[in-house]
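Below is one structure, written out as structure tokens; the observations come after it.
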Amino acid sequence: MNSSEIRLKFLDYFASQEHIIVPSSPLVPSNDPTLLFTNSGMVQFKDCFLGHDKRPYVRATSSQRCVRAGGKHNDLENVGYTARHHTFFEMLGNFSFGDYFKLSAIKYAWELLTVIYKLPADKLWVTVYAEDDEAYDIWSNEIGVPVERIVRIGDNHGKRYVSDNFWQMADTGPCGPCSEIFYDHGPDVWGGPPGSAEADGDRYIEIWNLVFMQYNRDDNGVLHPLPKPSVDTGMGLERIAAVLQHVHSNYDIDLFQNLICAAARETNTNDLTNNSLKVIADHIRACSFLIVDGVIPGNEGRGYVLRRIIRRAIRHGYKLGCRAAFFHKIVVDLAREMGGAYPELVAAQAGVTEVLRIEEERFFETIEHGMKMLEVALDKIVTDGLGFDVSSSNGKGREEGKLLQPKILVGHIAFTLHDTYGFPLDLTQDVCREHGVIVDEVGFNDAMTRQREQARAAGKFKIGAGLEYEGVKTQFHGYEKLVTQGKVVALYKDGVAVQELSASDTGIVVLDNTPFYAESGGQVGDVGVLQISSNNPTLFVVEDTQKIQPDVFGHHGQVKSGLIKVGDSVEAIVDKAARARTIRNHSVTHLMHRVLRDVLGAHVQQKGSLVDQTKTRFDFSHNAPMTDMQIREVENRVNHAIQANAAVNAQVMTYDDALKSGAMALFGEKYGDEVRVLGMGEFSTELCGGTHVQRTGDIGLFKIVMESGVAAGIRRVEAITGEGALNWVQQLDAKVHEVAATLKVQPHELTQRVALMQETIKAVEKELATLKSKLASSQSEDLASQAIEINGVKIVAALLEGADIKILRETLDKLKDKLKSAAIVLAAVADGKVMLIAGVTADITEKVKAGELVNVVAQQVGGKGGGRADMAQAGGTQPEYLATALASVSAWVKRKL
């Protein structure tokens with residue numbers, strides 16, 4: 001029974017038992033910010049178990065794709081070293097939301113395993129929580145499992161309800177006992193039954209876990225029976241496939257064997273048992289499905305985990321001899337293998353392949369240098385015992401009764417690999433583990449900390465960072481008005497609290513009420529003035545507004561006149577024109593985000609933004625440069641939304657209500673219980689606390705002025721609006737007219753004139769190439785006649801005035817044809833630099849090698865070079881020594897002959 005059939009039989013069985021088949025949810029959980037990735041089948045049903053969500057069904061079944069490669073649940077380091085650890089796996093599960101309970105759950109599991117899958121009943125063992133007499137009785141009396149194959153599992157360390165067979169969602173909330181089903185692989189495999197001293201062996205393998213959500217744990221740790229007990233079960237597809245296909249390792253099942261063959265094909269590996277192939281086969285699944293679900297390789301969060309997995313796969317390919325991108329080529333095999341169950345993988349196949357290709361090529365640029373550095377360090381550690389830093393480790397080993405210090409890779413080397421060559425720490429640890437070497441994590445972290453401190457010291461951070469403040473929160477009125485009265489509640493100068501600021505002082509003013517928007521969510525802080533009208537008027541120019549605490553705004557600037565003191569009442573006036581330009585750019589960012597998703601695909605997610613007076617800069621996930629047609633389409637759609645002049649409305653509501661209303665929340669952003677939902681007619685609905693136009697028509701003209709890449713899988717768009725866009729168009733128009741005037745044509749004739757000029761240039765270049773070829777032929781005739789003969793070999797060493805590298809090559813080839821047996825060095829000088837090329841005919845390459853010859857000459861003119869035995873190139877920076885260097889060729893060749 002292949003994996004696809006196993007998956008289908010599971011779902012079909014539970015569908016026949018009135019369960020609704022629910023599709024797999026994405027690997028990025030939408031309802032659980034505490035999880036990095038979806039790691040079990042129950043994640044998408046968590047709110048159902050908590051009572052926050054009511055579905056139109058009370059029974060469900062699914063085949064859920066899961067990842068355990070980051071955060072609390074992390075199997076990454078074990079992949080490739082064990083038979084059953086994966087970064088990506090599929091969890092088969094059935095769920096009851098207050099419907100059936102223990103008896104039905106156990107009967108369903110037993111019938112599926114013994115009747116549908118036809119597993120021998122005498123091969124199955126079960127465990128129950130020590131106090132769960134109900135489950136024990138069902139297994140014994142209802143199912144008929146012999147009592148010697150039913151194991152009660154007690155509490156760990158004597159703590160009640162702390163057991164491998166007692167499940168809990170968190171420290172408080174739903175919890176309950178669980179019952180596990182084990183398969184006995186037979187006496188040929190070492191290990192004992194569950195609960196025994198040898199339980200860690202591989203003979204008895206857990207294949208299914210039935211969780212009975214029976215209680216609610218309160219803040220005091222007391223368990224209260226749930227009014228509607230529920231069931232959550234999980235069975236790994238890979239584990240049950242290994243059992244049904246009569247293999248012991250998950251990597252021997254059909255699904256993995258096909259991917260291992262694909263990995264072997266791309267790495268030119270003949271040994272299909274090589275562990276590196278298993279790693280690659282595992283990692284292609286995790287990486288591909290993460291990208292399908294919108295994760296892009298990056299330097300933080302989920303993107304960083306994805307990058308780690310990709311680079312680990314690449315390292316294992318490198319270990320197998322790959323020196324160029326190979327990993328992305330296996331996506332087509334994965335789509336063929338799993339596309340039937342997950343059609344979204346097939347739909348995204350091209351995009352996934354491209355994201356992986358870009359990331360691979362980026363890492364392959366540095367992996368060779370990093371691996372060489374690591375291998376040199378490991379050789380010294382293993383053979384010489386060098387590189388030890390025993391002060392940072394407590395590890396100990398014994399050999400022949402002697403106490404030994406462990407072999408350790410010092411932290412600064414691991415950090416250099418991370419910082420310079422992009423090796424994540426766990427990748428370095430993975431390589432070191434294969435050599436029996438420990439990585440000094442303490443030293444690595446110290447180096448990382450030093451770098452961050454140096455970066456902070458060198459960087460230009462906001463003045464308000466780290467200010468001590470204890471006082472009232474700032475009340476923000478900037479949504480409704482641009483002028484308010486506020487009281488000065490704190491002043492800072494050079495980062496220290498003061499009681500007053502006088503003329504020319506630079507500092508920070510904190511008000512109890514303000515219309516100034518403090519930088520947040522990508523929108524820069526407002527500028528303007530604080531003024532006191534009196535006999536001695538005070539003017540404080542606000543150059544920026546930043547949050548010094550989440551609800552405390554700092555107005556950064558300088559006192560231009562007068563004196564400002566704590567307790568003063570001031571008039572806070574936002575620069576109206578600057579705010580107007582900023583909000584136009586902010587509002588259009590929302591429209592652009594929506595349109596980018598419509599034009600490029602739902603995988604587009606905001607990865608960063610900067611909105612100020614001059615532009616909106618928007619970073620988003622996408623795996624290829626936007627085409628000119630796509631850019632025009634985005635511009636057209638955004639301008640259409642602007643022209644619709646839809647009203648822009650903001651509402652404050654609970655976070656859950658906001659999501660239910662269809663508002664888009666951004667991954668990575670932290671939201672409170674109440675959020676501000678900004679709607680722009682039918683065009684956009686997002687969570688946003690920024691300031692905006694009243695109607696979309698206020699934005700004016702929208703124009704994209706730049707599209708570029710900022711990282712693998714991350715694109716950046718810069719756009720302008722309003723008078724900024726108008727000025728840009730006018731300047732472009734003026735430039736077009738200027739160029740047209742220079743070429744003496746009308747603007748609409750420019751394309752035709754440029755095309756004609758290009759044709760003329762091509763003709764001239766072709767004629768020039770012909771003349772250069774004739775020159776090379778002529779020079780080769782002259783040089784052939786000047787050749788020196790030594791032991792039957794012709795030697796030529798000459799400077800060709802005015803030649804380029806192409807002429808040097810052509811002349812070299814012609815000379816080799818004419819002279820038959822020869823060693824030749826040709827040189828040219830351009831812009832103060834020397835170009836060298838050497839050629840040796842095939843009959844003498846055993847004695848005279850072109851790479852060595854050209855390097856000898858290059859070293860004399862301030863350079864170096866090398867190449868093949870028959871042809872090589874080099875350069876230099878000291879043309880004044882060229883004549884002497886060329887004169888030395890004959891003697892050098894003579895010695896070699």
Side-chain angles (χ1 to χ4, degrees), residues 1-16 19 21-25 27 38-41 61-68 75 79-80 82-94 109 112-119 123-124 181 183 185 202 205-209 233-265 272-273 277-290 292 330-346 349 352:
M1 194 182 302
N2 65 36
S3 299
S4 296
E5 292 171 329
I6 294 169
R7 184 193 300 112
L8 185 60
K9 282 183 179 291
F10 182 93
L11 297 175
D12 284 349
Y13 170 77
F14 281 102
S16 72
H19 290 64
I21 299 176
V22 180
S24 171
S25 65
L27 288 171
T38 299
N39 59 22
S40 66
T61 185
S62 69
S63 178
Q64 174 66 50
R65 53 183 186 262
C66 304
V67 162
R68 290 184 180 174
D75 289 339
V79 174
T82 71
R84 275 169 286 280
H85 279 101
H86 308 291
T87 53
F88 174 96
F89 61 95
E90 292 181 76
M91 186 68 83
L92 305 172
N94 60 286
L112 177 66
L113 291 176
T114 61
V115 178
I116 305 300
Y117 289 152
K118 296 181 170 46
L119 289 179
K123 286 279 192 178
L124 299 177
I181 304 174
Y183 180 80
H185 278 278
D202 284 342
I205 299 300
E206 177 199 339
I207 56 175
W208 205 344
N209 189 14
T233 83
M235 177 165 61
L237 172 64
E238 294 80 4
R239 288 197 179 193
I240 189 62
V243 170
L244 291 172
Q245 294 175 16
H246 308 294
V247 295
H248 187 60
S249 169
N250 290 3
Y251 291 98
D252 290 332
I253 67 175
D254 63 308
L255 194 157
F256 271 111
Q257 282 299 296
N258 292 335
L259 294 176
I260 285 171
C261 288
R265 180 194 70 224
L272 295 182
T273 64
L277 295 179
K278 297 176 184 177
V279 174
I280 295 167
D282 171 273
H283 288 7
I284 192 64
R285 302 205 305 165
C287 295
S288 296
F289 278 105
L290 284 172
V292 166
I330 308 174
V331 175
V332 63
D333 301 277
L334 178 65
R336 189 183 305 117
E337 194 68 36
M338 300 185 67
Y342 301 103
E344 58 268 40
L345 174 63
V346 178
Q349 179 180 329
V352 171

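This is a predicted model, so every value here is computed, not measured. Here, residue 1 is the first one in the sequence, and each next residue gets the next number.
Closest approach of A335 to L345, counting heavy atoms only: CA-CD2, 3.8 Å. Counting all heavy atoms, side chain and backbone alike, S62 lies closest to V22 at CB-O, 3.3 Å. Contact between S3 and L255 at its shortest, heavy atoms only, is OG-CB, 3.7 Å.
Just one of E238, M235, M1 meets the side chain to side chain contact (heavy atoms under 4.5 Å, CB included) condition when paired with I6; it is M1.
K278 has its side chain out of reach of F256: every pair of non-hydrogen atoms, C-beta onward, lies at least 4.5 Å apart. In this structure the side chain of R68 reaches within 4.5 angstrom of the side chain of F89, judged on heavy atoms. When side chains are defined from C-beta on, F289 does not count as touching V67, because their heavy atoms never get closer than 4.5 Å. With contacts defined as side-chain heavy-atom distances shorter than 4.5 Å, the pair L113/I240 qualifies. The side-chain heavy atoms of R65 and T38, taken from C-beta on, include no pair separated by under 4.5 Å. With contacts defined as side-chain heavy-atom distances shorter than 4.5 Å, the pair N258/R336 does not qualify. Contact annotation: the side chain of Y251 approaches that of D282 to within less than 4.5 Å [non-hydrogen atoms, C-beta and beyond]. Side-chain contact check for L112 versus N94: every heavy-atom pair is 4.5 Å or farther apart.
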Verdict with reasoning, L124 to T114, per side chain to side chain contact (heavy atoms under 4.5 Å, CB included): CA-CA 9 Å; L124 299 177; T114 61; 3.9 Å; yes
From CA spacing to verdict: side chain to side chain contact (heavy atoms under 4.5 Å, CB included), L244, E5: CA-CA 11 Å; L244 291 172; E5 292 171 329; over 6 Å; no
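Around atom NZ of K123, more than 12 heavy atoms belonging to other residues, nucleotides or ligands sit under 6.0 Å away.
Ring geometry, F14 versus W208: the interplanar angle exceeds 60°, so the pair is classed perpendicular (tilted spans 30 to 60°).
Every residue two or more places apart in sequence or in another chain that forms a ring pair (Phe, Tyr, Trp, His ring centres under 6.0 Å) with H185 is listed here: Y183, H248.
Atoms CG and CD, from L277 and Q257 in turn, are 10.0 Å apart once rounded to the nearest 0.5 Å.
If you check the side chains of S25 and Q64, you find a donor sitting under 3.5 Å from an acceptor. Side chains of Q245 and D252: a donor-acceptor N/O pair is absent below 3.5 angstrom, by distance only.
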